[in-house]
Amino acid sequence: TSSSAVIDRWEQLGRKESIRSNLLFNKLLMMIRSNAANPRTMAMARRAMLTRALDFVPRHRYYCRSPPPLQSSRPFASTTPTRTLVNGIIKNTTNVDSARGSGSTSLLLGTKDNNRQHQIIKRQFNFASSQYASCFEDIPTPDVAKLRKDAISYLDAFDKQSWYDDPVCSILNGEKLLAPPSNLWITKNSLSQPNGHQYFATPPQIQSLLTHIQTYQSPYTDLRPQVRRIEQKFLQEHAGLLIGNQCLDFAKQDGITEIEESIMANSVERKLNDALFQDEMNGKVSIARKPIFVSCVSNFTNFLDLFRKTLRNLELGIPCVVLGRSHTIQHSYRWTELLVDLMEKEGIDPGMVTYLSCQLEDIKYITANCTDSAGMLYTTCSRELAKAIKSNYPNTISSTGGPNTLITAEWTKGVQDAIRMSASIECAGQCTALRHAVVPESVQLKDIEAMFDDMTHVSSPVDALKKSAFDGVFDSHGGTTSPQSSRDAVYTKHATKDAYFKVGPAFPTPESGEMDEYWRKVVVDVTNAVPDSLANTQKLNLQVDNLSKWLIHHQPISLAVNAKRSQVFDLGRNLFEKTSLVVTTIGSTDKDDAPPAMTCQARPQDAECFGEFPPRKTMGMYTKYPVIIPSSTPSYDTSYQPEYLKSLAEDVDGESHPEFVKEWLKDISDPAVRGYCLELVRYLSDATKVNPKRGFGDARTALWGLQRPPLLEGYRTLLR
């Protein structure tokens with residue numbers, strides 16, 4: 001049989017569950033692998049493969065009747081064999097088809113009349129959709145013991161002189177741009193200790209870097225097989241290097257958990273990228289492939305910068321420009337250097353990854369002159385810095401911190417431990433570190449002092465890593481200033497520990513309007529405002545409303561709520577509905593199997609989805625769009641194809657939506673706009689079919705999904 005005939009016949013049988021269809025599929029696959037076809041046929045074959053490979057098993061029985069009931073004990077998990085593209089190889093897997101209560105694997109849409117072909121629309125990469133939920137299945141299990149062993153071996157063998165002998169420098173087209181000795185500077189780690197050398201780019205080099213970014217055109221649309229092989233090398237062969245370099249440069253005590261999270265959460269985001277690329281191949285969307293900027297964060301650069309931002313963009317053919325930092329630059333440069341080497345072995349054009357080792361003003365100059373020729377700039381940083389970056393580069397996608405808060409109705413030993421560990425995690429260097437505690441009225445300054453008596457000082461991050469510590473504090477380090485050396489002299493320093501706190505009945509109201517993070521310093525504002533008895537409902541409701549207003553204004557990433565098990569759910573739901581914070585964690589104070597909640601945890605691989613949002617009403621000052629994790633990073637610069645949207649506009653009458661929705665859609669004259677609105681309606685219908693959804697972890701019960709805006713008396717929500 002000719003190859004074109006195979007393709008034609010496979011297309012005919014593609015919706016049927018038959019052995020013949022699978023045999024034709026395998027024959028087509030072998031032909032593509034052996035290139036046993038002419039160029040025209042090969043193009044047809046590859047197109048067919050790309051459009052069907054990620055979801056090959058036919059679904060024709062679902063067009064007419066509901067699927068069989070769920071058999072899984074896990075909610076929303078209907079397992080159906082399917083063929084999935086993994087690292088460029090099509091393999092049989094098991095897929096969670098839906099997060100919808102019926103277990104339906106697809107949404108029947110567009111049935112305007114019997115002659116119209118059924119359209120299966122899947123919002124596969126959009127948050128909380130049924131297909132998004134399906135991406136949390138088949139998560140790999142990391143070998144944590146091996147990660148720790150590899151990290152310790154790397155650290156034991158590390159030569160401190162190597163970062164001096166091989167300085168950080170700009171990388172352009174795979175070449176290192178060295179500079180005269182006058183441009184050689186000493187780099188510092190997060191504790192302000194010298195740790196290596198760096199060449200800042202010279203003016204001619206800066207111009208070469210700028211010209212490359214302005215003119216480079218990606219020759220690729222799909223690099224998934226190559227990039228995923230590189231990714232596996234990072235996670236298997238070079239995990240010790242990633243963990244060790246971050247430990248040495250940022251002084252991270254527990255980089256092992258970050259790599260564990262990367263191994264698992266990367267699996268989710270790869271599937272989301274696969275779905276995005278499939279939509280592009282189907283003509284629904286267009287992925288922008290202008291060079292993007294990656295502004296590295298020091299405390300989570302392996303997961304956020306290397307994998308989420310760089311590799312996920314790179315694998316869809318998007319050039320990446322990694323920006324240097326003013327400090328803690330060594331470890332992000334080293335993974336960029338290794339990435340360039342691994343790209344060469346995979347035959348990837350070296351122009352796809354560029355590294356800027358430049359002074360801050362030179363980086364501003366380059367980015368400001370690339371607003372039209374480059375894509376998004378991705379950053380994770382403080383709100384102050386995000387605001388400055390976005391003012392210079394409008395297409396900034398930023399994740400920003402906030403004053404993470406814990407409220408407790410009881411002052412137990414478990415709650416005190418939770419506050420102390422949340423405040424001191426990574427020496428107050430985690431984005432979810434606690435900054436504000438709301439405690440019972442009876443708690444006084446001496447109680448907070450006593451709570452910090454048990455805080456642990458560590459001599460070095462290497463020792464902490466070897467001892468499996470995560471909340472040690474580096475005593476009196478010079479990395480950042482303490483409150484006593486600033487305008488906030490009202491803080492009390494612990495007698496023997498490097499911790500600062502103040503206690504009072506009023507919620508913090510800094511003059512600037514923004515809470516100072518005091519990065520890498522343990523600083524806690526304590527508000528003793530919770531009634532000693534929750535039976536005093538009038539006073540409790542007043543304080544909950546006051547706290548809710550404070551939380552809406554400051555928009556922390558995380559809120560932890562603790563009380564007796566019989567009381568905590570009412571308190572937690574009250575705060576959740578009145579604040580709509582991204583992460584709310586519920587704990588108890590009287591149940592050993594449900595310990596107090598901390599602010600400093602999230603496992604995106606288990607659908608503990610999170611985002612680092614600025615306050616809603618000022619979001620545009622900091623970021624173009626809010627960031628949700630996990631998500632497909634290239635989707636933030638992806639647009640719908642107008643022709644696809646126009647094709648949707650014809651299906652309004654065939655939709656199963658209420659008549660008033662159909663009439664509203666018909667009032668939209670522009671077909672593309674009407675199609676876009678219909679796409680949104682379909683998405684919301686799918687995403688809220690089951691809402692909230694259950695997470696997939698074993699250690700905690702997670703509920704996740706779309707939230708309403710805050711429901712608080714006197715507060716209005718403006719949609720614009």
Side-chain angles (χ1 to χ4, degrees), residues 150-206 208-209 234 237-253 255 294-299 301-302 305-306 321-342 344 350 353-363 427 429 458-466 474 477-480 520:
D150 290 349
I152 293 174
S153 296
Y154 177 84
L155 289 167
D156 287 343
F158 181 75
D159 179 7
K160 294 181 180 180
Q161 187 61 33
S162 63
W163 285 359
Y164 290 90
D165 296 340
D166 180 18
V168 173
C169 63
S170 297
I171 301 176
L172 176 61
N173 288 317
E175 299 294 328
K176 294 183 177 181
L177 304 185
L178 304 182
S182 59
N183 277 38
L184 186 64
W185 294 74
I186 292 177
T187 61
K188 293 185 177 182
N189 64 17
S190 66
L191 307 181
S192 199
Q193 299 164 341
N195 67 347
H197 280 151
Q198 173 185 11
Y199 281 117
F200 284 124
T202 64
Q205 290 171 345
I206 291 169
S208 297
L209 292 163
F234 268 116
E237 300 174 23
H238 303 294
L241 175 147
L242 294 176
I243 298 168
N245 285 348
Q246 191 177 38
C247 176
L248 294 166
D249 198 23
F250 174 67
K252 184 155 187 171
Q253 303 165 51
V294 178
S295 176
C296 293
V297 61
S298 54
N299 67 327
T301 188
N302 292 325
D305 300 323
L306 171 56
V321 181
V322 182
L323 305 181
R325 295 173 49 83
S326 57
H327 61 82
T328 57
I329 191 176
Q330 287 285 350
H331 64 307
S332 57
Y333 170 76
R334 300 300 163 184
W335 63 246
T336 306
E337 181 183 40
L338 178 56
L339 173 59
V340 172
D341 290 341
L342 294 174
E344 181 181 8
V353 170
T354 304
Y355 188 86
L356 302 187
S357 175
C358 303
Q359 300 273 16
L360 178 59
E361 291 305 314
D362 294 327
I363 289 178
C427 192
V458 291
S459 58
S460 78
V462 176
D463 290 341
L465 185 147
K466 291 181 177 180
F474 305 109
H477 67 81
T480 52
R520 306 311 300 272

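From a predicted model like this one, the values you see are computed outputs, not experimental measurements. The first residue of the sequence shown is numbered 1, and numbering continues consecutively from there. Basis for what follows: all heavy atoms, side chains included, without hydrogens, waters or symmetry-related copies.
In terms of heavy-atom proximity, Thr328 sits nearest to Ser298 at OG1-CB, 3.4 Å. Cys247 and Leu155 make their closest contact through SG-CD1, 4.2 Å (heavy atoms, listed as atom of the first residue, atom of the second, distance). Summarising the geometry of Gln253 relative to Cys427, their closest heavy-atom pair is NE2-N, 3.7 Å, with the distance given to 0.1 Å. Counting all heavy atoms, side chain and backbone alike, Leu356 lies closest to Val321 at CG-CG1, 3.7 Å.
In this structure, the side chain of Asn245 does not engage the main chain of Gln330 through any donor-acceptor pair within 3.5 Å. Formation of a donor-acceptor pair under 3.5 Å by the His238 side chain with backbone atoms of Leu338 is not found in this model. Remark: side-chain polar atoms of Asp159 are paired, donor with acceptor, to backbone N or O of Gln161 under 3.5 angstrom. A donor-acceptor contact shorter than 3.5 Å links the side chain of Asn183 to the backbone of Phe200.
In this structure, Asn189 and Leu248 have side chains that are not in contact, with every pair of non-hydrogen atoms separated by 4.5 Å or more. No side-chain heavy atom of His331 sits less than 4.5 Å from a side-chain heavy atom of Asn195. Side-chain contact between Pro461 and Phe250: absent, with no pair of heavy atoms (C-beta onward) separated by less than 4.5 Å. Within the 4.5 Å cutoff, the side chain of Glu344 has no heavy atoms near those of the Val340 side chain. Val353 has its side chain out of reach of Ile171: every pair of non-hydrogen atoms, C-beta onward, lies at least 4.5 Å apart.
The structure places OG1 of Thr336 at 11.0 Å from CG of Asp341, a figure rounded to the nearest 0.5 Å. Taking SG of Cys296 as the reference point, atom OH of Tyr333 lies at 13.0 Å (rounded to 0.5 Å). Rounding to the nearest 0.5 Å places SG of Cys358 at 8.5 Å from CD of Gln205. Rounded to the nearest 0.5 angstrom, Ile363 CD1 and Ser357 OG are separated by 8.0 Å. Annotation: the span from Ile152 atom CD1 to Leu465 atom CG amounts to 6.0 Å, rounded to 0.5 Å. Taken to the nearest 0.5 Å, the OG1 atom of Thr187 stands 7.5 Å off from the CD1 atom of Ile329.
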Practice problem: Walk me through it: do Val458 and Asp463 pass the test side chain to side chain contact (heavy atoms under 4.5 Å, CB included)? | Solution: CA-CA 8 Å; Val458 291; Asp463 290 341; over 6 Å; no
Exercise. Evaluate side chain to side chain contact (heavy atoms under 4.5 Å, CB included) for Leu209 paired with Thr354, printing each intermediate quantity in order.
Key: CA-CA 8 Å; Leu209 292 163; Thr354 304; 3.8 Å; yes
Exercise. Check the pair His197, Ile186 against side chain to side chain contact (heavy atoms under 4.5 Å, CB included), reporting the backbone distance first and the verdict last.
Key: CA-CA 5 Å; His197 280 151; Ile186 292 177; 4.0 Å; yes
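There is no side-chain donor-acceptor pair under 3.5 Å between Ser332 and Arg325. When only modelled atom types and interatomic distance are considered, Thr301 and Gln246 share no side-chain donor-acceptor pair under 3.5 Å.
The stretch residues 326-340 participates, sequence neighbours left out, in these salt bridge (Lys or Arg N to Asp or Glu O under 4.0 Å) pairs: Asp166-Arg334, Lys176-Glu337, Arg334-Glu337. For residues 241-252, the salt bridge (Lys or Arg N to Asp or Glu O under 4.0 Å) pairs, not counting sequence neighbours, are Lys252-Glu258.
Classification of the Tyr154-Phe158 ring pair by plane angle, with boundaries at 30° and 60°, yields tilted.
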